[in-house]
Amino acid sequence: MNVGYNEIQKELESCGQGHLLGFWEVLDAGQRERLLGQIRGLDLRHIPRWVRETVKNECPPAVPHEFDPAPSYPPRPQTAEQEQLYAKARKTGEDLLRAGKVAGFVVAGGQGTRLGFDGPKGGYPISPIRNKPLFQLFAETVEAARRKYGAVLPWLVMTSPLNHAATVEFFEAADYFGLGADTVFLFQQGTLPNFDFDGRIFLAEKDTLAVSPDGHGGSLKALHASGVLERLKHRGVEYISYWQVDNPLVNLFDPLFIGLHAMEGAGMSSKALIKAHPTEKVGNFCLVDGRVTVIEYSDLDKEHAHRTHPDGSLVFELGSIAIHILSVSFVERLNAEDDFALPLHRAVKKIPHIDAKGNKVEPDKPCGVKLETFIFDALPLSEKSVILQTIRSEEFAPVKNATGADSAEVTVRMMIERAATWLEAAGVEVPRTAEGRPDCVLEIAPGFALAPEDLKARAGQIPPIERGQKLYLG
Ligand code: UTP
């Protein structure tokens, strides 16, 4: 019998998980060690509370009774005073970028189930002409920013145990897009166990627990646990620009956003969109006890969701799009707390597992609960927090689904539309259809222009665009 078996069995029994060692007798020494290792990795102290509060949903998180809309900065300055503030913030952001004090951070540990792509989501080909994958677009942006600001800006890529090997393989096959090991930091997030509805952890195999990534909120712990935070500090990085892997329009290093965050001395800041309609499926930025807090669309009652100002605009109009700046000192402070943990959220899912006899079960309907944490739940932990509004067509086109809303087709259309808008702002004529859509296919490589102003500087190099033409600017 392995050392540790008896204690662990006792501990498991005491929290209702004794079944996890049910196949012990048929496991070989290596399998036993593997299973014990996984069980030791669980924080068993927390299991009974997780089961009670989240798996069985006996104490769903309370929605605050009183809350106000969160204040925000508009996408463009509205007053002379704001104009000055924005100019100063932009300059501050640019100085921080030039000093190498900012890292980019893409969370790419999700399973991408809705998209159904075979491989890590960052490998999904998306650019309109060259079919560049998402990771390549980000890599080219990191390289272009390095040239623009004359500083190496580290790029953090968070994976999960489910897609880490495949992601590393993808980067290796692409030779890290020429960025080198001093720039790209690949690291893994943690996992949380999957439960049946009675609160028993599923086994995926006789020697393996069923687990899934701990949500994008897991990034805050993973930054610390992986040692990446320490490496950033050594390099003098103070700010982390956070985005999701599925949004190719994101402005990775936005000097205005970085500058506003830094000038405010904020711990965690966010970009926001004006919601398309009252119940759009995005989190709502609210103010609870003076702290910025996201209330999920499913938790915002009808009255609040539909409340309007006299001019007809929504009172709770700001939607969250998962673009943030994190101060390194904020992430460090959270991790210094004893048992730092974000609230757990409950997702009812189909979970492949083995039954009590060891037979594989591939469920065709939801059969249990996955637990995850959300990054936006860290917002109220930050004393100060800036919200900067952005414009949907400029910065938000996530690829979530294989078809329909938020599909690649929509994203590609939005990438072409944004390229057309930038070109027109630079004085280049873009042929359009009678309905106003670009009548051509356009792709602007990050190396050609990171922002509309970069394009203006190169407008003279751009040939006239014909109807139906495919124009790649790179
Ligand atoms: P989504 O919530 O869209 O999930 O993640 P997903 O896994 O990509 O797709 P579905 O829901 O299975 O279809 C938003 C972002 O958060 C990252 C994802 O990789 C994506 O960038 N994420 C999500 C993680 O990094 N880890 C997680 O555990 C969950």
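Both ligands and their constituent atoms are indexed starting at 1 by order of listing.
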State whether the side chain of N163 and the backbone N or O of A108 hold a donor-acceptor pair below 3.5 Å, judged by distance alone. yes
Could you tell me whether the side chain of S407 and the main chain of G404 form a donor-acceptor pair under 3.5 Å? yes
Judged by modelled atom types alone, do E395 and T390 share a side-chain donor-acceptor pair under 3.5 Å? yes
Note: D355-K360 ion pair, threshold 4.0 Å (strictly below): no
If you compare all heavy atoms of C367 against all heavy atoms of F197, which two are closest, and at what distance to 0.1 Å? C-CE1, 3.4 Å
Which residues satisfy the side-chain contact (heavy atoms from CB on, under 4.5 Å) test with H304, sequence neighbours excluded? F67, L300, D301, R307, F316
So which protein residues pack against ligand 1 under 4.0 Å, heavy atoms counted? V107, A108, G109, G110, Q111, G112, T113, R114, K121, M158, Q189, P213, G215, H216, Q244, V245, D246, K400
